[in-house]
Amino acid sequence: MKKIHLANLPTKVYKLERLSKKVGKNIFIKRDDQTGSEISGNKIRKLEYALKDAIDKGCDTIITCGGIQSNHCRATSAAATMLGLKSILLLRISTYPKVEGNFFLDKLFGAQIEYCTPDEYRNSRNEIMEKIASDVASKGGKAYIVPEGASFGPGALGYIDCMKEIVKQENELNIEFDTIVCAVGSGGTYAGLYIENKRGNLKKRVIGMAVCDDTLYFQNAVEQISHDAIKLIDLKLDIDKSEVEINDKYVGIGYALSTEEELKFIADLAALEALVLDPVYTGKAMKGLIAEIENGNLKDSDNILFIHTGGLFGLFPKQQDFEF
Ligand SMILES: *Cc1c(COP(=O)(O)O)cnc(C)c1O
């Protein structure tokens with residue numbers, strides 16, 4: 001399966017010197033938050049495949065869904081606009097949202113926005129997107145539906161490529177990462193890393209830090225996405241969800257909700273390394289990684305690679321919750 005070139009790749013990898021010293025492990029970071037500026041973050045690697053598929057199928061409109069501050073929706077509307085496609089976003093809201101952060105950018109990129117309640121989102125987002133697609137068809141257009149987070153077969157291919165990119169960088173930097181850590185919100189990023197780790201017999205420990213739901217939920221999701229992905233590339237691989245390591249201890253008080261400690265962690269790391277994590281995904285995931293190191297659960301890990309999956313625009317709407 002082919003992709004369109006949209007992201008700035010390869011993303012750079014370097015060691016977080018001060019953090020490494022502080023926790024007594026070598027912690028490296030891969031800057032997938034720098035895949036672009038409008039199209040920044042992990043979603044663009046997935047969209048390189050998804051949008052190619054859409055164009056190959058003759059579609060002129062991209063429909064996708066997410067929370068009001070969805071990085072994925074923002075990246076999708078930006079990428080669609082870059083490619084001359086129309087985007088329609090189904091956004092989950094409980095009260096009328098402030099126009100800020102990613103949502104503000106969605107509007108700047110000219111996305112058509114539809115809203116649904118959290119209940120509708122949970123129970124029938126795919127049906128609602130199908131309905132929007134048939135409205136597009138009745139007006140003579142052709143829509144392509146990208147599921148939540150682009151976590152489906154084509155999307156996961158983007159993170160198979162990312163794992164290959166990591167292996168190449170290991171050779172260039174003359175280092176071997178024994179452990180790879182990323183945030184998990186819908187599972188597509190993890191699925192791609194998992195597939196290539198297994199296919200290439202890389203023997204890395206790949207840890208996904210859940211930011212919502214629980215371990216079992218994501219083991220099932222990753223299994224499904226992985227099956228869909230390997231089918232697309234005619235790869236025979238024994239997908240085993242018991243190998244999918246998802247840590248659900250750092251979800252905190254819920255998706256996109258931040259505790260004081262989480263925000264303080266983000267501020268402390270920014271002051272230590274000039275590295276800005278986001279409150280919804282990477283802040284929780286990195287906080288979890290450091291806690292696991294401190295708890296002694298990563299004794300066999302010496303060289304850890306944390307994938308910074310992006311989310312910067314989602315930090316600004318939380319600005320007033322920080323205490324200095
Ligand atoms: C979507 C997202 C993730 C999670 O990736 P999934 O493939 O959905 O699990 C992590 N970090 C950021 C910043 C994201 O926007």
Side-chain angles (χ1 to χ4, degrees), residues 7 11 29-36 38-50 64-79 92 101-103 105-106 146-163 180-195 206-215 217-226 228-229 244-248 250-251 255-256 258 266 275-289 306-318:
T11 55
I29 191 148
K30 183 164 175 63
R31 298 297 301 267
D32 269 21
D33 57 318
Q34 297 180 348
T35 46
E38 296 84 355
I39 56 171
S40 60
N42 63 337
K43 300 307 175 321
I44 199 66
R45 285 190 192 262
K46 307 180 188 186
L47 290 168
E48 287 190 321
Y49 281 98
T64 197
C65 62
I68 189 67
Q69 283 299 329
S70 167
N71 299 305
H72 164 67
C73 287
R74 180 259 312 151
T76 302
S77 62
R92 176 183 63 223
N102 285 299
F103 180 50
L105 292 170
D106 297 341
V146 177
E148 181 183 62
S151 284
F152 65 148
L157 301 182
Y159 271 85
I160 293 179
D161 291 356
C162 179
M163 189 62 120
I180 298 197
V181 179
C182 69
V184 173
S186 58
T189 300
Y190 189 99
L193 297 171
Y194 166 79
I195 291 168
V206 182
I207 305 173
M209 295 289 180
V211 303
C212 52
D213 298 294
D214 60 17
T215 297
Y217 173 87
F218 282 121
Q219 285 178 323
N220 288 324
V222 168
E223 179 182 53
Q224 183 61 53
I225 298 161
S226 299
D228 293 347
V244 171
E245 183 178 355
I246 303 287
N247 184 324
D248 61 6
Y250 303 95
V251 173
Y255 179 75
S258 301
I266 291 171
L275 178 73
V276 183
L277 299 177
D278 82 291
V280 182
Y281 298 94
T282 54
K284 291 184 185 190
M286 180 69 94
K287 188 170 182 290
L289 168 60
F306 181 88
I307 303 183
H308 189 334
T309 40
L312 179 63
F313 298 122
L315 182 64
F316 295 102
K318 296 255 182 190

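Start at 1 and go down the list; that is how both ligands and their atoms are numbered.
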Could you check atom 10 (C) of ligand 1 against the protein and tell me its nearest heavy-atom contact, residue, atom and distance included? T309 OG1, 3.1 Å
Under 4.0 angstrom from ligand 1, any heavy atom of G41? no
Between A191 and I225, which heavy-atom pair has the shortest distance, and what is it? CB-CG2, 3.8 Å
So, for C182 and I307, which heavy atoms are closest and what is the spacing to 0.1 Å? CB-CB, 4.3 Å
Ligand 1 and V184, any nitrogen or oxygen pair closer than 3.5 angstrom? no
For S186 and K46, which heavy atoms make the closest approach, and how far apart are they? OG-NZ, 4.2 Å
Between G149 and H72 the two heavy atoms that sit nearest each other are N-CD2, 3.4 Å
Which residue supplies the protein heavy atom nearest to atom 7 (O) of ligand 1, what is that atom called, and how far is it? K46 NZ, 2.6 Å
Out of all atoms in ligand 1, which are within 4.0 Å of some heavy atom of G310? Include the element for each. 13 (C)
Using 0.5 Å steps for rounding, measure from the CG atom of D33 to the OG1 atom of T11. 8.5 Å
Partners passing salt bridge (Lys or Arg N to Asp or Glu O under 4.0 Å) against D278 (at least two apart in sequence or in another chain): none
Taking only non-hydrogen atoms of G188 and a 4.0 Å limit, the atoms of ligand 1 in range are 7 (O)
Would you check the N or O atoms of G185, main chain and side chain alike, for any that come under 3.5 Å of an N or O of ligand 1? yes
Below a 4.0 angstrom heavy-atom separation, can you tell me which part of S151, side chain or backbone, both or neither, approaches ligand 1? side chain
Which residue supplies the protein heavy atom nearest to atom 8 (O) of ligand 1, what is that atom called, and how far is it? S186 OG, 2.5 Å
How close does the nearest protein non-hydrogen atom get to atom 14 (C) of ligand 1, and which residue and atom is it? K43 NZ, 2.9 Å
Could you tell me which non-hydrogen atom of D213 sits nearest to which non-hydrogen atom of D248, and how far apart they are? O-CB, 4.4 Å
Can you list the atoms of ligand 1 that are under 4.0 Å from a heavy atom of G311? 13 (C)
Need the ligand 1 atom indices (1-based, order shown) with element for anything under 4.0 Å from a heavy-atom of N71. 13 (C), 14 (C), 15 (O)
Looking at R31 and H308, would you say the former's side chain and the latter's main chain have a donor-acceptor pair under 3.5 Å? no
Starting from atom 5 (O) of ligand 1, find the nearest protein heavy-atom neighbour and note its residue, name and distance. N42 ND2, 3.0 Å
Would T189 count as a polar contact of ligand 1, with the cut-off being nitrogen or oxygen pairs under 3.5 Å? yes
Pairs flagged by salt bridge (charged side-chain N to carboxylate O under 4.0 Å, His left out) wherever residues 147-162 is involved - sequence neighbours left out: K3-D161, R125-E148
